[in-house]
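Starting from 1, each residue takes its place in the sequence as its number.
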Amino acid sequence: MTPAAPLSGLLDVVGADPSLARALAAPETPTLELTGPAGLRPFVVASLARQGRTVLAVTATGREAE
């Protein structure tokens, strides 16, 4: 058994938010541009990756990318 990712429990909770769920359920659009609080970004990226979608997240700094 592999250890759970540190944010896995929070990912389920945040992903259940109706607004985020609608955005993530968008049909296979070639691009998806979302605007939201900085604290939400890791959850959006993880949710998209969990769906098997290719994710390109552009950040302003190396620290933000980490």
Side-chain angles (χ1 to χ4, degrees):
M1 175 182 263
T2 60
L7 298 177
S8 62
L10 290 175
L11 184 56
D12 294 332
V13 173
V14 174
D17 176 74
S19 297
L20 182 57
R22 273 194 310 276
L24 296 176
E28 295 296 321
T29 56
T31 61
L32 179 63
E33 185 175 333
L34 299 173
T35 303
L40 189 60
R41 291 179 192 148
F43 297 104
V44 172
V45 170
S47 295
L48 289 168
R50 182 188 265 187
Q51 291 177 348
R53 295 179 71 170
T54 301
V55 179
L56 171 63
V58 179
T59 63
T61 65
R63 182 180 174 135
E64 187 178 349
E66 291 175 359

*Could you tell me the separation between the CG atom of Leu20 and the OG atom of Ser47, rounded to the nearest 0.5 Å?*
5.5 Å
*Taking all non-hydrogen atoms of both residues, which atom of Val14 and which atom of Phe43 are closest, and how far apart?*
CG1-CB, 3.9 Å
*How far apart are the closest heavy atoms of Val55 and Ala49, and which atoms are they?*
CG2-N, 3.9 Å
*When Ile, Leu, Val, Met, Phe, Trp and Tyr are grouped by side-chain heavy atoms lying under 4.5 Å apart, directly or through other members, which residues fall in the same group as Leu56?*
Val58
_Would you compute the distance between atom OG1 of Thr54 and atom CG of Leu48 and round it to the nearest 0.5 angstrom?_
10.0 Å
*If you look at every heavy atom in Gly39 and Pro42, which pair is closest and at what distance?*
O-CD, 3.5 Å
*State, yes or no, whether a side-chain contact exists between Arg50 and Asp12 at a heavy-atom distance under 4.5 Å.*
yes
*Can you list the residues that meet the side-chain contact (heavy atoms from CB on, under 4.5 Å) rule with Thr61, with sequence neighbours excluded?*
Arg63, Glu64
